[in-house]
Trainee: 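Quick one: the structure is below, and I'll ask about it shortly.
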Amino acid sequence: MSPLAFFVLSLVLFSLGTLAFLVKRDLITQFMAIEIMLNAANLAMIAASRLMVSLDGQIVVFFVITVAAAEAAVGLAIILLIYRQKKNIRTEEINLLKG
Amino acid sequence: MEVFLFYLLALISVASVVAMILTRHQAYNALLLAVAFTSLGGLFALLKAPFIATVQIIIYAGAIMVLFIFVIMMIDLRQPFPPLRRKWVLALGAFLLAIIFLELILVIRTLPGTNSSAAPDFGHPTPLGRLLFSRYLYAFEITSILIVVAIVGSLYLARRKEKK
Amino acid sequence: MSEYFWLIPLFPAASTLILVIFGRWLPKKYVSFQAPLAVLLSFIFGLAAFLKISRPGLEHEVTSLSQTLFPWIHSGNFQIDFTLRFDPLTAVMVLVVTGVGFIIHVYSIGYMAEDRSYTRYFALLNLFTFAMLLLVMAGNMVLMFVGWEGVGLCSYLLIGFWFEKPAAASAGKKAFIVNRIGDAAFLLGLFFLIFNLKTASFPEINQALLEGKISPTLATLIALLFFVGATGKSAQIPLYVWLPDAMEGPTPVSALIHAATMVTAGVYMVSRLNLLYSYSGVAADVVAVIGALTAFYAGTIALTQFDIKRVLAYSTISQIGYMFLGCGVGAYAAGMFHLYTHAFFKSLLFLAAGSVMHALSGELDMRRMGGLKKYLPITYPTFIIGAITIAGVPFFSGFFSKDAILTHCYAQGKYFLWLLGLCGAIITAFYMFRLIFLTFHGEERFSAEVRHHLHESPPVMTIPLIVLAFFSIVAGYIGLPVVFGHGLNLFDQFLEPVLRGAAETHLSLSTEWLLIIISSLIALAGIGLAYLFYQKSPHLPHLLASKFPGLYRLLFNKYYVDELYEAAFVNPLVKGSEAVYYKFDLPVIDGAVNGSARTMNFLGRILSLIQTGLIRDYALIFILGVAIILGLIVF
């Protein structure tokens, strides 16, 4: 099984994830797109680990998954707060950092 | 056999992501995402990373997506969106993405085309555990602190405010 | 002690520093003690150095002391060090500056007693002393220029000491600006000198001159440029106009700076460069002619002035003209001799005038004085002694010095200049005694109010007067002319090793006697005429003025020179500056500065458009960045 295919797949998934991020207009879905991007990167990492026959790649993915979980928790809490404040989660309406 | 599995899983994951882009309904998005995660877990297993694959499915498809569903249920997402302005941003983004895609394809072509043989317990918990508790012990401990911080943080952020 | 002669300028410098930094907290009594003490210390050290170099016939004769304090400018082959020298010429200047300076410091304690900027006054006076000592002790032209500028600065600060008075402030400005014009010429001369000789130190300059390394044209150019600077500093034609205005400053300042020391710096410079001036005959002639002309010209103006200090100011200009006349005809020693005696009697006259003003509560117009001789028992006789000395009456010091100059003039064959000098002498005697008669004799023309406060000055002011009067009489005896015997001119002999460019004079004894008798008669004639005009027949001046109204107006208005300069130089410059300001400075320079600010503002505002606050746009920029960086890595 050629490892190149995995890398290409990872690349495709990453691009799709970024596209999703740009296209979607509500926070929750954009957050989901970010998770896709992370997973694409994880795939590439595992493929590389298999290619190099080194377990370090898998360890890194282990940590990435863990940190992604923590980040998801906090991020979702923040989204909840935003919803409580503005009663909607349309990304375009959050522009307090303008200028 | 392997090849077939690869193409199957790849197809599933790509299809679910594409469907995710096309769907407006958040709950469906979450489901499709879970499917994508699971197929990715399968791919990990194909790559001789059984432990990670398991972890992926348990944590990602299991815990994280459940979190998402919880939040989706708490939020009212039925309001319509105003019309999209500045569509050129999307076009530009797509264009740049294409460029990045091409650049990285060039990189990938330079990689070796076959896998070398690996040990029989490659990717199994034991060697991983050994590595985790020796070389990556420091990161391991810090990550546990990180998780505690995340728990406390998200609990605090999302708490219900007392009514005056 | 004489090996520490280089400390001489440093005592007043240290005193200035202390007064400037700590002055606010120092009691007046202490300031009165420290400032004169610094000058006194300089005098003592100067005396020690003088004694060291003035013992002829000794086994190891020392004719000059030199000390390099530190290397200063090193640029390629060109080198200027901070070198102080003490040779006979310097000795004369140092002793005059510190001696008379000390006396004036003491006088100032009384004169400035009620002034509210007492400490600032003494700090400036000490600073001036330091700069002047630096000027006369410098071992090279560049260091001398530092002192030259320094005294100019102090002159400005002291003339405008009472800066709240607009007249004083503008007088200070005028002094500095006119001086600056002279200094520009001085610098130009300095540049030519350094460019051609690669050195500015005096021994090396003299060496180069003796070896004939300079062409006469170049020497003339340099000498003339330096002399223009001297006309500014020493108030000769054409740059004298600041000195009468400088009388706005306190009277002791006028005595010290504008009579005894700073204004004589030009004479010192010419004497120091005597080889240069003698080598270039043209330059020496120019010096002599300007000197003689100024001596006569300033005297004529003094004839008509009523401000007691103005009379003395023009008198100073006139007397310095005599000094330059002496130098110009090759009698550098005579010029220096007159500088030395003039220091005593001119400062005496100024201080005594200050005493008169002090007694009359600040009055300085002679038309409101008169009959003061019975009220000022010490000031009056000392003033008379000063007047007699400056008039050139025999056996007083002024006679010996002025006569030396005029005799040399005649001996060099410059008869026209000699005649001018004589005319100047009779005018001098006349206006001095006019001053005496108007001030001290005749009817009392001051108000009853002033009469009420009339009093002789305190001892701290009158004792300096007495001391100066004493020296005015005896100082001349170290330079006795040949008629009284050969080898009695100790002054000339002392200065001889330095003044190698001096011209030899040989006159028969009978000619010398004749010249002396003529000078004496001239002096007495002047006094007699003054008596006639102002005591015996007081209607005469008025009669003469009405008979020649044009001439009188011309003299009274100082030949309208100030107005001429104003129209020819000042106004065009001011108008030109205004034009430049409005046409160029404001639009172009301010425009550039404001313009760059506005551009930045504009750019900033454009750039801020990127920050929309929307996450999508920021993500786009992310992606853009990634694309670029990846591109850089891949390619």
Side-chain angles (χ1 to χ4, degrees), chain A residues 4 7-45 47-48 64 68 71-72 74-83 85-86 88-99, chain C residues 20-21 24 163-164 169 173 573-635:
Chain A
L4 292 191
F7 286 112
V8 173
L9 176 62
S10 155
L11 187 56
V12 168
L13 282 175
F14 184 82
S15 312
L16 283 175
T18 319
L19 202 62
F21 183 85
L22 288 173
V23 169
K24 294 298 182 178
R25 299 160 76 192
D26 61 281
L27 277 171
I28 281 271
T29 322
Q30 283 181 323
F31 202 37
M32 286 195 242
I34 293 178
E35 296 296 332
I36 297 177
M37 286 194 255
L38 271 171
N39 272 273
N42 282 347
L43 180 62
M45 197 59 86
V64 170
E71 164 220 344
V74 178
L76 285 169
I78 292 178
I79 291 180
L80 263 179
L81 282 178
I82 293 179
Y83 175 72
Q85 194 81 16
K86 301 160 73 69
N88 68 56
I89 50 168
R90 289 201 276 269
T91 319
E92 277 140 16
E93 296 186 12
I94 305 170
N95 62 352
L96 287 173
L97 282 180
K98 182 177 167 75
Chain C
V20 163
I21 298 175
R24 195 195 318 220
F163 53 81
E164 294 104 350
K173 241 189 335 176
L573 265 173
V574 171
K575 290 281 182 309
S577 307
E578 274 178 21
V580 169
Y581 179 68
Y582 287 114
K583 298 269 167 43
F584 181 76
D585 193 46
L586 279 180
V588 174
I589 296 185
D590 283 7
V593 173
N594 290 346
S596 63
R598 249 176 302 152
T599 311
M600 284 304 136
N601 210 344
F602 177 70
L603 280 176
R605 224 165 313 147
I606 292 196
L607 278 174
S608 73
L609 288 174
I610 292 186
Q611 289 184 302
T612 57
L614 295 176
I615 299 179
R616 159 178 301 162
D617 298 340
Y618 294 157
L620 192 66
I621 308 233
F622 255 90
I623 298 174
L624 177 66
V626 170
I628 293 178
I629 292 178
L630 274 178
L632 285 171
I633 293 179
V634 169
F635 294 119

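Below, chains carry the letters A, B, ... as their sequence lines are ordered, and counting in each starts from 1.
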Trainee: With a strict 4.5 Å heavy-atom criterion, list every residue of residues 621-635 of chain C that contacts chain A, or say none.
Mentor: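 Listed by number, the contacting residues are C:I623.
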
Trainee: Could you list each donor and acceptor atom pair linking chain C to chain A at less than 3.5 Å?
Mentor:
unit_1: C:Q611; atom_1: O; unit_2: A:G99; atom_2: N; d: 2.8
unit_1: C:R616; atom_1: NE; unit_2: A:L22; atom_2: O; d: 3.2
unit_1: C:R616; atom_1: NH2; unit_2: A:L22; atom_2: O; d: 3.1

Trainee: Given that the side chain runs from C-beta out, which part of A:L22 has a heavy atom under 4.5 Å from chain C: side chain, backbone, both or neither?
Mentor: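 Both backbone and side chain.
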
